[in-house]
Amino acid sequence: MGFETDDTSYDLYMGRYSRVLAPPFLEFAGGNSRNELRLALDVGCGPGAVTNVLARRLGPDAVSAIDPSESFVASLRIALPGVDVRAGVAEELPFVEGRFDLCVAQLVVHFMADPVAGLAEMTRVTRSGGTVAACVWDHAEGGAPTSRFWRAVTALDPGCAGEPRRAGTWRGHLVQLFESTRLTRVEAGTLTVRVRYSSFDEWWEPYLLGIGRAGEYVSRLNQSGRNALREKCREELPAGPFDISATAWAARGVVA
Ligand SMILES: C[S@@+](CC[C@H](N)C(=O)[O-])C[C@H]1O[C@@H](n2cnc3c(N)ncnc32)[C@H](O)[C@@H]1O
């Protein structure tokens, strides 16, 4: 799935969740302690929700970030000029062994072509005693930001499989992936965040931007299909200001 979109569209769709998820995720990863951390890597950085927090806490010179999306890489280089932002994938990290104290991937493992290879690379570039951490939305138990959307889709279109069963998105699987690497002291976490919408339209309109699998689904519908889906979603949500809560499975481990 491609992530060649502009930061504003991404922010309306998913960035608003990843920005509020980044601080608790870094707390879970142990990324708050300036004393113990010198260098950190944000894998699959996107427009920089996690990179921004790391750069504020550790200083931009201490932070590297990498993503295959050229548009995200270009905009993050402008937004955070002191950060070393690279184009590339988790499965082939262009860094020497043991370089980082902390290596994190927020909402990325399920998009990796080979999650085991990606986590092995994150482990390789982290020093012995350093931490590798990741989190992925709970798609399997309906805790993802897009879960209400997919419930409405499958009610109208029972043949649609909805959000695919990607790596790490069901309970316990992210930890299992971590345990397949040479990480030790692997621990699981559950992170829940809330995002406020002032109206139903503010929630619905990002689905018209064509981003991600949900956006692709909407863009394939004709106008009456879109209207029907919009009405179904509206039935599921309150009219006025409301909060959507979203839950991510998290895992962390220490490099042997
Ligand atoms: C949902 S976004 C998350 C971005 C950011 N971490 C955040 O929390 O907002 C997923 C990101 O993973 C990136 N990505 C996809 N495949 C990847 C891979 N194999 N290695 C590293 N990043 C990847 C995408 O380009 C995209 O920026």
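All ligand and atom numbering here is 1-based and tracks the order in the structure. Keep in mind the model is a prediction, meaning the values are calculated, not measured. Because only heavy atoms are used, hydrogens play no part in the values below, and waters and symmetry mates are left out as well, while side chains stay in.
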Any heavy atom of Asp67 under 4.0 Å from ligand 1? The part involved is side chain

Nearest heavy atom to atom 7 (C) of ligand 1, choosing from Tyr10, Phe111, Phe25, Phe72, belongs to Tyr10

Taking the non-hydrogen atoms of Gly15, is any one of them nearer than 4.0 angstrom to ligand 1? no

Taking 4.0 angstrom as the limit and counting only heavy atoms of Glu91, give me the atoms of ligand 1 inside it, by number and element. 18 (C), 19 (N), 20 (N)

Atoms in ligand 1 with a heavy atom of Gly46 nearer than 4.0 Å: 4 (C), 27 (O)

What I want to check is whether the side chains of Gln223 and Asn227 have a donor and an acceptor closer together than 3.5 Å. yes

Trp204 six-ring centre to Arg234 NZ/CZ under 6.0 Å and within 45° of normal: no

Is the shortest distance from a Lys or Arg side-chain nitrogen in Arg171 or Asp138 to a carboxylate oxygen in the other one below 4.0 Å? no

Minimal non-hydrogen separation, Val153 against Cys160, with atom names: CG1-SG, 3.7 Å

Contact region, Cys45 to ligand 1, non-hydrogen atoms below 4.0 Å, reads backbone

Please state whether the rings of Trp170 and His173 are parallel, tilted or perpendicular, taking 30° and 60° as the class boundaries. parallel

Pick, from Ala90, Pro47, Ser69, the option with the minimum heavy-atom distance to atom 20 (N) of ligand 1. Ala90

cation_pi(Arg252, Phe28) dist<6.0 Å, angle<=45: yes

Per-atom filter on ligand 1: closer than 4.0 angstrom to a heavy atom of Ser18 are 7 (C), 8 (O), 9 (O)

Taking N or O atoms only and a 3.5 Å limit, does Gly44 qualify as a polar contact for ligand 1? yes

Short N-O contact, Arg86 and Asp67, less than 4.0 angstrom: no

As an exercise, identify every atom of ligand 1 less than 4.0 angstrom from a heavy atom of Leu107. 1 (C), 2 (S), 3 (C), 10 (C)

